[in-house]
Undergrad: 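One structure coming up, written as structure tokens, with questions to follow.
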Number of protein chains: 6
Amino acid sequence: MTAEPTGTWAGPATGPPTGPPTGTALPDGTRVPRFAGPATFTRVPTIDAVQTYDLAVLGLPFDGGTSYRPGARFGPMAVRQASRHLRPGFHVELDRVPYAHASVVDAGDVPCTPFGIEEAIAQMEGLARDVVGTDGSRRLVGIGGDHTVALPMLRAAHAAHGPVALVHFDAHLDTWDAYFGSRVTHGTVFRRAFEEGLLAPDRSVHLGIRGPLYDRGDLAADTAAGFRAVRTHEIDLVGPVAALELVRERVGDAPVYVSVDIDVLDPAFAPGTGTPEMGGLTSRELLRLLRGLGDLHLVGGDVVEVAPAYDHAEITALAGATVAFELLALMAGAGR
Amino acid sequence: MTAEPTGTWAGPATGPPTGPPTGTALPDGTRVPRFAGPATFTRVPTIDAVQTYDLAVLGLPFDGGTSYRPGARFGPMAVRQASRHLRPGFHVELDRVPYAHASVVDAGDVPCTPFGIEEAIAQMEGLARDVVGTDGSRRLVGIGGDHTVALPMLRAAHAAHGPVALVHFDAHLDTWDAYFGSRVTHGTVFRRAFEEGLLAPDRSVHLGIRGPLYDRGDLAADTAAGFRAVRTHEIDLVGPVAALELVRERVGDAPVYVSVDIDVLDPAFAPGTGTPEMGGLTSRELLRLLRGLGDLHLVGGDVVEVAPAYDHAEITALAGATVAFELLALMAGAGR
Amino acid sequence: MTAEPTGTWAGPATGPPTGPPTGTALPDGTRVPRFAGPATFTRVPTIDAVQTYDLAVLGLPFDGGTSYRPGARFGPMAVRQASRHLRPGFHVELDRVPYAHASVVDAGDVPCTPFGIEEAIAQMEGLARDVVGTDGSRRLVGIGGDHTVALPMLRAAHAAHGPVALVHFDAHLDTWDAYFGSRVTHGTVFRRAFEEGLLAPDRSVHLGIRGPLYDRGDLAADTAAGFRAVRTHEIDLVGPVAALELVRERVGDAPVYVSVDIDVLDPAFAPGTGTPEMGGLTSRELLRLLRGLGDLHLVGGDVVEVAPAYDHAEITALAGATVAFELLALMAGAGR
Amino acid sequence: MTAEPTGTWAGPATGPPTGPPTGTALPDGTRVPRFAGPATFTRVPTIDAVQTYDLAVLGLPFDGGTSYRPGARFGPMAVRQASRHLRPGFHVELDRVPYAHASVVDAGDVPCTPFGIEEAIAQMEGLARDVVGTDGSRRLVGIGGDHTVALPMLRAAHAAHGPVALVHFDAHLDTWDAYFGSRVTHGTVFRRAFEEGLLAPDRSVHLGIRGPLYDRGDLAADTAAGFRAVRTHEIDLVGPVAALELVRERVGDAPVYVSVDIDVLDPAFAPGTGTPEMGGLTSRELLRLLRGLGDLHLVGGDVVEVAPAYDHAEITALAGATVAFELLALMAGAGR
Amino acid sequence: MTAEPTGTWAGPATGPPTGPPTGTALPDGTRVPRFAGPATFTRVPTIDAVQTYDLAVLGLPFDGGTSYRPGARFGPMAVRQASRHLRPGFHVELDRVPYAHASVVDAGDVPCTPFGIEEAIAQMEGLARDVVGTDGSRRLVGIGGDHTVALPMLRAAHAAHGPVALVHFDAHLDTWDAYFGSRVTHGTVFRRAFEEGLLAPDRSVHLGIRGPLYDRGDLAADTAAGFRAVRTHEIDLVGPVAALELVRERVGDAPVYVSVDIDVLDPAFAPGTGTPEMGGLTSRELLRLLRGLGDLHLVGGDVVEVAPAYDHAEITALAGATVAFELLALMAGAGR
Amino acid sequence: MTAEPTGTWAGPATGPPTGPPTGTALPDGTRVPRFAGPATFTRVPTIDAVQTYDLAVLGLPFDGGTSYRPGARFGPMAVRQASRHLRPGFHVELDRVPYAHASVVDAGDVPCTPFGIEEAIAQMEGLARDVVGTDGSRRLVGIGGDHTVALPMLRAAHAAHGPVALVHFDAHLDTWDAYFGSRVTHGTVFRRAFEEGLLAPDRSVHLGIRGPLYDRGDLAADTAAGFRAVRTHEIDLVGPVAALELVRERVGDAPVYVSVDIDVLDPAFAPGTGTPEMGGLTSRELLRLLRGLGDLHLVGGDVVEVAPAYDHAEITALAGATVAFELLALMAGAGR
């Protein structure tokens with residue numbers, strides 16, 4: 001019994017396929033309404049339904065590291081649901097048919113405890129490593145969850161690719177040392193990644209930082225951890241082209257991990273998040289900056305901090321889904 | 001690679017199983033958070049993952065027959081999402097472990113056009129017939145969608161079981177003749193079912209009817225179609241026990257189809273619906289009336305008119321999910 | 001050019017009409033969708049479109065007397081909008097076709113200042129008197145606005161009918177003496193009406209009162225103003241039939257004005273109001289109590305305190321519209 | 001009896017009137033609160049209340065052609081309600097008193113079926129033709145409704161003015177061939193208009209297009225239908241002045257129809273719509289582009305896809321109302 | 001400088017005060033609007049502003065033990081804000097002026113970590129013990145937070161009063177053994193309390209339990225821990241008077257701790273909570289049951305699980321605030 | 001008993017302190033969660049808790065001067081609540097530790113009547129004068145309330161500093177003469193301030209004005225009152241740097257009062273306000289313009305028109321809180 005007619009983005013878009021896997025099977029969008037059909041990310045197959053794959057989406061439903069508004073545990077669910085809006089065919093700006101270039105799967109959610117940060121991180125790291133493997137042929141986009149989930153994701157990326165340059169979109173540095181005595185939270189995760197050696201030295205960059213800090217010394221500590229922080233005020237002054245140039249210079253040819261905290265967007269564009277901050281990027285700025293990363297060597301990424309209880313009309317979840325799709329599209333072309 | 005530990009409600013609850021299938025495999029609720037894992041109804045397996053099954057849930061994402069607020073096309077999605085709240089283990093009032101008694105699957109959504117009522121009905125009828133089969137061994141709970149979807153559901157039930165007694169919970173009669181010249185809409189569907197011979201003569205009943213009518217003659221027309229309408233005002237006067245007695249007398253030993261328009265609940269309990277009507281049932285009244293149907297011969301049912309764009313905090317979707325689960329639990333015990 | 005087909009509820013329902021006006025012209029509900037067409041209350045004609053009328057609806061968009069959440073100035077707009085949900089044909093419980101019995105019109109909104117209580121009251125009183133006239137042949141249902149609007153409404157009723165018995169549904173007594181030195185506010189309006197002699201002595205009753213008071217003495221003051229307060233707790237104990245009996249005894253054959261503060265309903269049923277109070281009536285209780293007033297001599301009424309900014313899915317506005325329709329239906333049959 | 005004081009924007013603003021009709025009668029905004037008074041668009045008279053008129057607003061409450069979130073059937077109601085916010089006096093950027101230049105009326109809503117696309121289109125076309133007439137002296141602004149309503153609007157414009165240049169603001173091309181086998185939906189309407197010869201050859205333009213496509217070939221098909229698509233990414237690169245220059249070159253001296261899908265705005269600015277797409281225009285960009293059309297020969301227009309169930313605080317409806325007012329203001333000055 | 005005029009509920013209401021403290025100083029409600037002034041619970045003084053006190057309210061902003069929707073960390077804030085609605089003067093049903101009987105203070109919030117359950121519990125227990133003291137003269141009402149906070153509250157009550165009878169209003173038993181290997185969560189807290197000897201043997205009762213269970217054995221385990229579970233279905237059958245009789249028999253003369261999970265209310269009455277369950281109590285039932293506890297020996301209590309991100313129009317927070325006020329009113333009269 | 005650990009921003013940031021007061025005591029943000037602790041603005045001390053202070057925040061909970069959507073009476077409460085999001089430490093763009101430079105207190109709310117504009121203004125003026133004093137050493141940031149509150153604030157500023165230059169961010173001029181015969185409303189307040197001589201001649205400026213006007217003559221009247229209006233359209237054309245240059249030239253060395261109507265932001269950024277207007281500033285533009293005022297002689301300011309009933313996810317309240325913090329930060333450095 002076949003409930004849903006399916007098609008396949010099988011044909012090569014800009015050139016012949018280089019071998020199997022040769023594309024992603026999707027329901028036919030003109031026969032299965034987008035509000036029906038599989039609840040996977042953009043309705044790609046589940047990981048159990050395919051023999052092999054190039055790119056995977058993994059839900060990381062953990063928000064135990066949140067310092068203000070919790071609720072990002074429902075982020076994977078909301079982002080998948082909003083991904084139904086997307087028509088994942090031809091990407092015009094990238095001139096690419098992403099799902100023909102790569103076999104994309106949805107690896108489901110990590111079943112992790114809501115009650116202990118360390119245990120949950122271990123659970124997330126375990127499944128992320130399984131999904132991404134160790135030979136560098138598979139890449140992963142994580143969907144949070146609060147920003148704590150970036151630590152296990154970086155560990156899995158490091159296991160497959162060695163130290164990475166982090167391109168980090170966020171309103172906040174996330175390099176504080178500890179909150180309430182806890183050293184692994186959504187505000188300290190990149191200090192830990194630095195200390196663990198997951199990051200390539202002096203190749204990482206924050207984009208979209210804004211708002212006051214607890215302390216002036218926070219900036220020096222951030223620099224000491226190998227970061228360059230680009231504030232929204234700088235983007236006002238120099239523009240997105242110069243900001244991208246700075247990113248490219250800094251990153252060089254290192255493998256790149258892109259982490260997008262949805263609160264890099266202004267609260268008008270992303271109300272559904274845990275620590276909103278006035279004065280953020282517009283959605284067009286974020287898309288332009290992301291698309292400008294196309295010639296880097298992307299090896300993984302995440303979109304985090306979508307907290308649907310604070311969202312309206314799915315606009316934050318849709319932004320999260322679009323960012324995840326852009327990351328997949330960038331990776332579908334890169335490295336082939 | 002196994003992302004999610006699973007358990008099975010395999011053991012008999014009140015007696016030995018009578019043969020395969022012997023229960024429904026579910027994720028272990030103490031290891032896979034309810035906000036994670038499969039997006040199926042209460043996380044039961046998909047229809048493609050099992051060899052056989054007793055009971056199936058089918059999404060009917062169609063709202064083209066709506067006369068006021070549309071949006072029930074998103075009902076199946078919302079009801080499945082809210083079903084994550086449920087712990088589908090032991091049903092205390094029914095003293096039953098439903099998923100041990102029966103193998104329950106999620107048959108997905110009917111891929112039907114949003115643009116034509118007749119075509120969509122044919123698509124829904126086709127898949128419903130496939131899922132329910134013709135030998136009477138499988139039973140189906142449909143999740144709408146607007147009330148139009150009850151017509152293909154009744155046709156499928158009729159194909160397997162012959163004419164049925166309809167126990168219909170609703171604020172509205174839904175036996176009007178036509179709207180805007182259209183004879184199949186969410187307000188006319190049971191007149192059509194009567195005319196097609198799908199209903200056993202004079203055995204059907206509406207419960208929870210209220211509000212003014214377009215015309216006094218609507219009542220006579222309803223009676224002529226073989227219905228007895230129990231208004232909420234009557235339930236105030238006679239109480240639920242007497243109302244159930246009336247249902248039982250009327251239904252007798254006919255096979256019974258239970259159709260629940262969520263607007264039978266007061267708008268306080270079910271704001272997320274298309275044609276709310278002040279003065280409805282409470283959620284406890286509805287549950288009590290449903291549970292009182294346990295000794296009838298239930299052969300199918302539906303819950304319809306959940307329109308999530310008007311819902312708040314998922315309370316309507318949760319009511320819809322709970323009603324669907326109650327129908328499954330009633331059927332899991334009946335007829336075995 | 002006629003944009004909208006219209007029908008007329010012209011035929012007598014339970015007997016021959018007693019003379020002109022002979023019914024209310026409405027758009028045909030099976031040809032003009034309820035979400036389209038005139039924005040008047042249940043799409044009745046505007047007052048300027050008819051020669052004469054029996055019953056009128058008047059908007060009183062004033063909320064300058066509100067002590068907590070303002071916003072009832074948008075009440076008339078919201079109640080009219082929600083009245084589109086209603087099918088104002090045959091009223092089953094009253095066994096009546098209200099709009100055939102009476103010519104009903106929408107008299108629009110009083111253009112009153114938001115900036116001064118006294119001036120606004122004078123403006124409301126002026127237009128209410130014009131609409132209701134002085135010969136007792138026309139009756140008026142006001143749509144607030146905060147409860148302050150009941151004072152000009154009572155003055156207009158008194159001018160046509162003399163002192164009235166007030167049947168007052170509310171969570172609060174509204175017989176305080178002053179707030180912040182102001183003697184006319186939504187919490188003091190019935191003390192003023194009493195002092196002005198608008199109320200028939202010792203014939204008035206509050207129903208649905210609940211919650212703590214500022215002071216124990218508030219109860220004695222209320223009694224001194226000629227009221228009997230029936231708390232929800234009493235209704236729990238004695239039931240609606242006994243409560244109605246008490247009302248009837250108290251009211252006797254005096255002309256009756258019914259004032260419904262929507263906060264008499266529990267916040268679950270009416271979140272969209274300015275001073276919600278836990279523990280209120282259900283919508284079915286309110287409808288049952290209202291319908292029990294059918295044999296009284298109703299000469300006017302209002303429904304007030306619908307504040308749509310706090311509403312959800314129009315459930316409060318729909319309750320307000322239904323109450324206004326019930327008042328019209330009661331009056332359409334009374335006194336003929 | 002006159003409930004509401006009225007004033008008239010009768011005096012010429014920048015020159016003597018050229019003959020009757022000589023302005024639009026409105027309630028006096030300093031005496032009748034904007035939250036009270038007529039529910040027409042910016043409180044202009046209804047079409048039945050005037051002898052003649054220059055410009056008309058027409059509600060097109062149809063959403064049966066929607067592929068994702070329905071609900072635009074409530075768009076006309078919401079846009080009219082939000083238009084109360086506007087002070088329709090002096091338009092500063094256009095240096096114009098629009099309602100003195102032109103007699104503006106509200107023609108109400110087309111009473112069309114929600115149950116059949118073809119029938120509804122015929123009903124909309126019929127009334128639109130009646131309102132706009134055939135001699136080119138009257139112009140019409142339609143308020144949707146989903147984008148399907150543009151087809152009958154274009155037919156009516158064509159009947160009065162011949163083939164038009166379409167200036168189309170939208171996130172989507174709306175020139176697909178068919179959805180689910182249906183050739184007239186909100187995503188195919190301009191392919192149909194092209195095929196019917198309603199559009200002047202090679203003079204039309206889309207502005208604000210963004211997001212991925214189902215297929216790379218969609219772009220070629222769009223070009224073949226005579227369109228030039230300006231994506232938001234291009235606007236980032238060239239700026240609004242250059243974009244307007246492109247529009248002017250393309251349109252030339254053809255009669256122009258302006259169709260504004262509110263989803264051309266970013267979801268932050270217009271959450272209340274059916275197919276939101278991340279990365280859209282800001283409200284200031286849209287206003288600037290619209291005002292740049294002032295020297296074109298505008299003969300009609302629409303604003304569509306406002307779906308209030310997904311709106312918040314009326315911001316989408318207010319954007320829709322403002323766009324409709326801008327179109328009226330542009331037309332009030334053009335061609336005189 | 002005194003920003004706010006204050007009054008004092010100093011006079012005895014039903015008898016002479018028995019000694020200092022002699023009442024609670026509050027802002028004068030007729031001079032300081034309820035939407036202004038102190039942000040403490042019902043605007044009582046802060047704990048630092050008084051010499052001594054009888055009753056204290058303590059915020060417990062912890063939700064790290066939540067298994068489904070988090071957010072109750074914002075509960076204390078929301079309940080205090082909603083408490084502004086209350087007029088904490090004369091309690092009619094209890095015939096009592098609570099704030100004249102007792103000096104009531106707001107003890108603020110426990111500053112506890114969001115990142116570790118055990119550490120947070122220790123922090124809560126520490127401050128609760130400080131506030132309540134050990135001589136039994138002071139009593140405490142806690143405002144959660146998720147239900148985990150009841151454990152430190154019970155420890156503090158036990159330290160002052162010895163083993164208590166627990167009267168527990170909830171949809172859920174909260175006597176499971178462990179979730180995800182964690183033994184202290186919001187679903188296991190009363191099993192822990194039993195094991196620690198905080199509860200008087202066989203004197204505790206759950207009221208309002210409903211919904212399916214994970215396992216049939218959950219009921220036996222609950223009984224083994226000394227509880228009697230009264231399901232809503234039983235309340236339907238026997239009524240509130242009999243339910244109260246059962247509570248009284250079971251509790252006897254033991255010191256009583258009342259714990260109210262706001263989800264004991266139906267989601268219609270309390271949408272703003274983490275694990276809503278269809279079919280709950282009405283707000284009137286809950287108030288009636290609470291007021292029926294007046295002759296018991298109450299020594300403490302809490303109201304928990306208000307999650308404002310899911311609330312609407314503050315109805316859940318208002319219910320929480322009203323419950324807290326009822327508990328204070330009950331204790332203000334008891335034991336003096 | 002100390003519920004909350006506190007720290008002090010006592011150390012000088014960019015130089016030695018110039019004498020007492022030497023900083024603001026705050027709870028330690030790494031030990032007291034931001035969602036707990038004092039409900040004052042950014043958790044600064046209350047005015048009664050300190051001996052002296054430099055800067056004060058004052059709530060002005062009055063909305064009786066609102067012409068459209070009321071509700072700004074809840075603005076102070078919402079802005080304080082949202083200020084919990086802020087980390088009021090090091091201000092990066094200003095390179096300043098504001099709370100080390102100045103002792104900042106929360107002066108609470110003015111207890112003013114909701115029922116009379118003149119009386120409320122007198123109450124607000126009285127307390128504002130008390131808080132700000134007359135010797136010019138203390139400065140005040142007011143939190144509205146509707147824009148009417150700016151009049152008493154300006155009177156208090158004038159009493160201490162003489163005539164001020166007004167830098168006014170708003171969608172609307174607020175220099176109309178009267179509404180409904182009332183001369184002091186939120187739309188007329190600056191005409192009154194001009195007439196009273198509170199404003200330095202020809203030194204004031206509006207920024208962000210947009211939308212149509214009631215009348216062309218409104219602009220001349222505004223100029224006559226000494227204002228220069230900078231419309232958003234001008235900002236599009238000249239950019240923020242030029243706009244700031246214009247402000248500086250106009251203001252010169254006069255003492256400056258900054259009044260920010262939150263509706264200067266586009267409704268996407270500030271939905272929670274009473275008279276939204278399409279086409280406003282982005283939050284980044286507003287912050288950039290505010291920060292550009294750093295070298296002016298600021299003597300006071302306000303942020304008004306936050307109406308939380310229309311807000312979503314606190315984004316408007318957060319914008320209001322951020323603006324108030326920016327004003328404090330600007331003043332903390334200025335004039336020392």
Side-chain angles (χ1 to χ4, degrees), chain C residues 66-71 171-173 176-182 185 187-188 208-220 229 231-237 263 265-283 285 307-313 315-316, chain E residues 7 9 11 13-14 26 28-35 42 82 84-100 239-241 265-271 280 282-288 290-291 311-323 325-326 328-329:
Chain C
T66 305
S67 61
Y68 203 68
R69 294 170 178 172
H172 311 96
L173 298 170
W176 280 272
D177 193 41
Y179 274 99
F180 303 91
S182 292
T185 74
T188 64
I209 302 298
R210 62 190 186 274
L213 300 174
Y214 285 122
D215 194 89
R216 182 195 296 267
D218 296 343
L219 288 179
R231 296 180 67 84
T232 52
H233 184 63
E234 285 184 84
I235 296 175
D236 281 343
L237 299 181
D263 73 17
L265 294 174
D266 192 89
F269 296 85
T273 194
T275 50
E277 191 83 43
M278 186 188 179
L281 298 188
T282 69
S283 57
E285 287 174 322
Y310 296 92
D311 202 4
H312 176 69
I315 71 173
T316 314
Chain E
W9 294 107
T14 57
L26 293 183
D28 181 338
T30 67
R31 294 180 59 198
V32 184
R34 288 181 286 164
F35 47 82
T42 63
R84 295 173 175 279
H85 282 275
L86 302 177
R87 292 153 297 159
F90 179 59
H91 191 299
V92 181
E93 279 74 20
L94 297 178
D95 190 27
R96 186 176 298 168
V97 180
Y99 288 6
V241 173
L265 294 173
D266 192 90
F269 296 84
T282 70
S283 57
R284 253 153 79 195
E285 286 174 321
L286 178 57
L287 290 176
R288 189 169 182 191
L290 283 172
R291 289 167 187 165
D311 202 5
H312 177 70
E314 294 192 299
I315 71 171
T316 313
L318 178 60
T322 304
V323 167
F325 177 69
E326 294 286 330
L328 291 171

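In what follows, chains are A, B, ... by sequence order, proteins preceding strands, each numbered from 1.
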Undergrad: Do C/Arg231 and E/Glu93 have side chains that approach each other closer than 4.5 Å (heavy atoms only, starting at C-beta)?
TA: yes
Undergrad: Could you tell me whether a side-chain N or O of C/Arg69 sits under 3.5 Å from a main-chain N or O of E/Ala313, the two making a donor and an acceptor?
TA: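 Here the side-chain-to-backbone pair exists.
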Undergrad: C/Phe269 and E/Phe269: which non-hydrogen atoms are nearest, and at how many Å?
TA: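 Reported closest heavy-atom pair: CE1-CZ, 3.9 Å.
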Undergrad: How many angstroms lie between atom CG of E/Asp28 and atom CZ of C/Phe180, to the nearest 0.5 angstrom?
TA: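 Rounded to the nearest 0.5 Å, the CG-CZ separation comes to 8.5 Å.
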Undergrad: Hey, mind stepping through E/Thr322 and C/Glu277 against side chain to side chain contact (heavy atoms under 4.5 Å, CB included) and telling me if it holds?
TA: CA-CA 9 Å; E/Thr322 304; C/Glu277 191 83 43; 5.8 Å; no
Undergrad: Measure distances from E/Glu314 to the heavy atoms of chain C and classify the residue's part below 4.5 Å as side chain, backbone, both or neither.
TA: both
Undergrad: Using atom types as modelled and distance alone, determine if a side-chain donor or acceptor of E/Arg87 lies under 3.5 Å from a backbone N or O of C/Pro212.
TA: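 Yes.
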Undergrad: Just so I understand: if I count every heavy-atom pair under 4.5 Å between each of C/Gly272, C/Ser67, C/Pro271 and chain E, which residue has the most?
TA: C/Pro271
Undergrad: Enter the distance from C/Arg216:CZ to E/Arg96:CZ here, rounded to the nearest 0.5 Å.
TA: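 Nearest 0.5 Å value for the CZ-CZ distance: 10.5 Å.
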Undergrad: Supply the atom-to-atom distance C/Leu213 CG to E/Phe90 CZ, rounded to the nearest 0.5 angstrom.
TA: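 It is 7.0 Å, given to the nearest 0.5 Å.
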Undergrad: Would you please name every residue forming a ring-ring contact (aromatic ring centres under 6.0 Å, His included) with C/His312, sequence neighbours left out?
TA: B/His312, E/His312
Undergrad: So, using salt bridge (Lys or Arg N to Asp or Glu O under 4.0 Å) as the criterion, who are the partners of C/Arg210 when residues are at least two apart?
TA: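 For C/Arg210 there are no salt bridge (Lys or Arg N to Asp or Glu O under 4.0 Å) partners, ignoring immediate neighbours.
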Undergrad: Quick one: what part of E/Leu286 sits under 4.5 Å from any heavy atom of chain C, side chain, backbone, both or neither?
TA: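 Just its side chain gets close to chain C.
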Undergrad: Sort C/Asp236 into side chain, backbone, both or neither according to what part of it lies under 4.5 angstrom from a heavy atom of chain E.
TA: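 Contact with chain E involves both backbone and side-chain atoms of C/Asp236.
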Undergrad: Taking atom OG1 of E/Thr282 and atom CG of C/Leu281, what is their separation to the nearest 0.5 Å?
TA: 11.0 Å
Undergrad: Which heavy-atom pair separates C/Pro276 from E/Leu318 by the least distance, and what is that distance?
TA: O-CD2, 3.4 Å
Undergrad: How long is the gap from CG on C/Asp266 to CG on E/Leu265, to the nearest 0.5 Å?
TA: 9.0 Å
Undergrad: Any chance you could measure E/His85, atom NE2, to C/Thr275, atom OG1, to the nearest 0.5 Å?
TA: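 OG1 of C/Thr275 is found 8.5 Å from NE2 of E/His85.
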Undergrad: Under 4.5 Å heavy-atom distance to chain C, tell me which part of E/Arg291 shows up: side chain, backbone, both or neither.
TA: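 When you check distances to chain C, no heavy atom of E/Arg291 falls under 4.5 Å.
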Undergrad: Identify the two heavy atoms, one from E/Ile315 and one from C/Pro267, that lie closest to each other, and give their separation to 0.1 Å.
TA: CG2-CB, 3.6 Å
